[in-house]
Chemist: 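Input: one structure, supplied below.
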Amino acid sequence: MTPRPVRLLVANGCSYTRGAELGRAEDAWPALVADALGIPWVNLGCDGGSNRRVVRTTVGNLDRIAAEHHVRVEDILVICMWTGLSRHECFTRARDKGHGFRPALPDELHWHRLGKWRIQMKDRLAEAYYRHLWSERASLTNFALDWLMLDGYLRSRGACARYVFAWDVLRFDQDDQSRALLASLDPAAVYGGTATHSRTSFNDEITGRFPLGDMQHPLEEAHAAFGASMTRWLRTQGIDTTPNLR
């Protein structure tokens with residue numbers, strides 16, 4: 001890939017990106033990567049967030065974030081950490097009062113998170129979704145389409161887009177359609193070098209090496225190690241050339 005100067009890092013994902021169970025946002029891997037590259041950062045990660053939410057909030061906030069930080073979209077490094085394919089979201093009148101951190105984004109609390117973890121909370125929307133709407137094949141195809149469209153949008157805007165997996169989220173058997181869609185993505189833009197399987201992930205790199213929190217989230221040591229690994233990978237692509245602009 002051609003080396004790219006960047007002036008701002010925007011990260012998005014679930015609690016593994018947000019930094020659940022950490023003492024400070026500055027200890028999460030997006031902040032550590034940005035600090036190593038010498039640029040400011042914005043973390044859009046959300047506890048319990050879905051991949052559809054990653055697409056929605058990345059596209060919906062990119063121009064606002066660029067304007068607030070006085071940079072062009074072309075100067076932004078966007079890193080999306082994909083999460084479990086079974087998660088989804090729906091828009092409701094009522095505010096989502098479920099557990100976990102929600103970033104202060106427009107209408108964010110009206111987007112209701114759908115996850116199997118919410119069934120234990122007697123969440124009727126989640127129960128209905130998994131009983132009547134969710135399927136393994138649909139989740140794979142929808143994810144592949146979402147990824148392909150997000151990547152196309154970011155490239156069309158000139159942003160520098162990179163991707164990584166929170167854990168082995170593609171462990172399901174892939175049908176021909178989802179496999180073909182994933183294979184059309186640029187593997188060089190994915191941490192691990194492939195978009196068709198997710199065996200290289202944050203969770204894979206830290207499992208058995210570092211302590212986890214009470215809710216099984218990576219803690220400071222794990223984020224530091226993964227952040228260092230991500231930084232090395234980005235530097236192999238020339239993404240470390242801009243001086244500190246803070």
Side-chain angles (χ1 to χ4, degrees), residues 1-4 6 8-19 28-34 37 41-46 49-62 65 73-74 76-85 87 139-172 174 178-206 218 223 226-240:
M1 286 190 174
T2 303
R4 289 283 305 270
V6 292
L8 176 70
L9 186 153
V10 175
N12 209 341
C14 63
S15 57
Y16 272 44
T17 298
R18 200 276 292 184
W29 68 262
L32 300 175
V33 170
L37 297 178
W41 52 273
V42 174
N43 191 337
L44 297 175
C46 170
S50 64
N51 293 322
R52 178 58 59 83
R53 181 197 168 275
V54 169
V55 175
R56 173 178 62 82
T57 55
T58 299
V59 173
N61 291 281
L62 193 63
I65 291 171
V73 170
E74 298 95 306
I76 297 177
L77 168 61
V78 179
I79 304 180
C80 296
M81 177 175 275
W82 299 124
T83 186
L85 303 192
R87 299 179 181 183
S139 69
L140 275 166
T141 302
N142 286 335
F143 168 67
L145 284 169
D146 279 351
W147 188 351
L148 198 62
M149 289 188 289
L150 175 64
D151 188 64
Y153 172 78
L154 293 174
R155 289 176 182 275
S156 73
R157 297 298 309 278
C160 182
R162 299 293 183 268
Y163 306 95
V164 61
F165 296 102
W167 58 84
D168 190 5
V169 302
L170 294 177
R171 61 188 181 276
F172 306 120
Q174 296 173 24
S178 60
R179 187 183 302 108
L181 290 169
L182 292 172
S184 67
L185 290 156
D186 181 3
V190 186
Y191 183 75
T194 178
T196 57
H197 71 73
S198 52
R199 289 187 288 274
T200 300
S201 66
F202 186 178
N203 189 67
D204 176 69
E205 292 205 357
I206 66 168
H223 276 268
F226 183 72
S229 183
M230 280 287 294
T231 301
R232 288 192 295 271
W233 174 63
L234 292 169
R235 282 176 172 159
T236 65
Q237 303 183 341
I239 306 176
D240 66 340

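No experiment lies behind these values; they were computed from the predicted model shown.
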Chemist: Could you tell me if the side chain of Asn61 sits less than 4.5 Å from the side chain of Val10, heavy atoms only?
Modeler: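 No. Closest side-chain heavy atoms not under 4.5 Å.
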Chemist: Looking at every non-hydrogen atom in both residues, tell me the closest pair between Met81 and Phe226 and how far apart they are.
Modeler: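 Minimum heavy-atom separation between Met81 and Phe226: CE-CE2, 3.6 Å.
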Chemist: Using the ring of each side chain (for Trp, its six-membered ring), is Trp82 parallel, tilted or perpendicular to Trp147, with breaks at 30° and 60°?
Modeler: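 Judged by the thresholds at 30° and 60°, the geometry between Trp82 and Trp147 is tilted.
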Chemist: Starting from the C-alpha separation in whole Å, work towards a yes-or-no answer on side-chain contact (heavy atoms from CB on, under 4.5 Å) for Arg199 and Phe165.
Modeler: CA-CA 8 Å; Arg199 289 187 288 274; Phe165 296 102; over 6 Å; no
Chemist: To the nearest 0.5 angstrom, please state how far the OG atom of Ser178 sits from the CG atom of Leu170.
Modeler: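 The distance works out to 8.5 Å.
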Chemist: Quick check for you: to the nearest 0.5 Å, what is the distance between Cys14 atom SG and Arg87 atom CZ?
Modeler: 5.0 Å
Chemist: Specify the closest pair of heavy atoms between Trp41 and Ala31, including all atoms of both residues, with the distance to one decimal.
Modeler: CE2-CB, 3.5 Å
Chemist: What are the two closest heavy atoms between Ser229 and Glu205, and how far apart are they?
Modeler: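 So the minimum-distance heavy-atom pair works out to OG-OE1, 3.4 Å.
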Chemist: Does any non-hydrogen side-chain atom of Val54 lie less than 4.5 Å from one of Thr17?
Modeler: no
Chemist: Can you tell me how the ring of Trp233 sits relative to the ring of Tyr191, calling it parallel under 30°, perpendicular over 60° and tilted otherwise?
Modeler: perpendicular
Chemist: Distance check, rounded to the nearest 0.5 Å: Leu9 atom CG versus Arg162 atom CZ?
Modeler: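 Nearest 0.5 Å value for the CG-CZ distance: 11.5 Å.
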Chemist: Quick check: do Ile79 and Leu234 have side-chain heavy atoms less than 4.5 Å from each other?
Modeler: yes
Chemist: In Å and rounded to the nearest 0.5 Å, what is the NE2 to CG distance from His197 to Asp168?
Modeler: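 One gets 9.0 Å once the value is rounded to the nearest 0.5 Å.
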Chemist: Tell me which pairs pass salt bridge (charged side-chain N to carboxylate O under 4.0 Å, His left out) where either residue lies in residues 141-153, with sequence neighbours left out.
Modeler: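 Found Arg52-Asp146, Asp151-Arg155.
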Chemist: What residues, two or more places apart in sequence or in another chain, satisfy ring pair (Phe, Tyr, Trp, His ring centres under 6.0 Å) together with Trp167?
Modeler: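 Per chain and number, Trp167 pairs via ring pair (Phe, Tyr, Trp, His ring centres under 6.0 Å) with Tyr16.
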Chemist: Taking the side chain as C-beta and beyond, is there a heavy-atom pair between Leu185 and Tyr163 under 4.5 Å?
Modeler: no
Chemist: For Gly45 and Asn43, work out which heavy atoms get closest and say how close.
Modeler: N-OD1, 2.9 Å
Chemist: Of the non-hydrogen atoms in Gly84 and Val169, which two are nearest, and what is the gap between them?
Modeler: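 The pair with the smallest heavy-atom distance is N-CG1, 3.8 Å.
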Chemist: Would Thr58 and Tyr153 count as a side-chain contact (heavy atoms from CB on, under 4.5 Å) here? Give the steps.
Modeler: CA-CA 10 Å; Thr58 299; Tyr153 172 78; over 6 Å; no
Chemist: Measure the shortest side-chain to side-chain distance between Leu145 and Thr141 over non-hydrogen atoms and say whether it is less than 4.5 angstrom.
Modeler: yes
Chemist: Drop me the distance from Thr231's OG1 to Leu37's CG, to the nearest 0.5 angstrom.
Modeler: 5.5 Å
Chemist: Quick one: SG on Cys80 to CG on Asn12, what's the gap to the nearest 0.5 Å?
Modeler: 5.5 Å
Chemist: What's the verdict on side-chain contact (heavy atoms from CB on, under 4.5 Å) for Leu182 and Gln174, showing C-alpha distance, side-chain angles and the deciding distance?
Modeler: CA-CA 10 Å; Leu182 292 172; Gln174 296 173 24; 3.8 Å; yes
Chemist: List for me each residue that meets side-chain hydrogen bond (donor to acceptor under 3.5 Å, both in side chains) alongside Arg171, sequence neighbours excluded, and say none if there are none.
Modeler: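 Residues passing side-chain hydrogen bond (donor to acceptor under 3.5 Å, both in side chains) with Arg171: none at all.
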Chemist: Whether the side chain of Ser15 engages the backbone of Arg18 through a donor-acceptor N/O pair (distance < 3.5 Å, no angle test) should be reported.
Modeler: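 Answer holds: no.
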Chemist: Does a donor on one side chain sit under 3.5 Å from an acceptor on the other, for Asn51 and Thr83?
Modeler: no
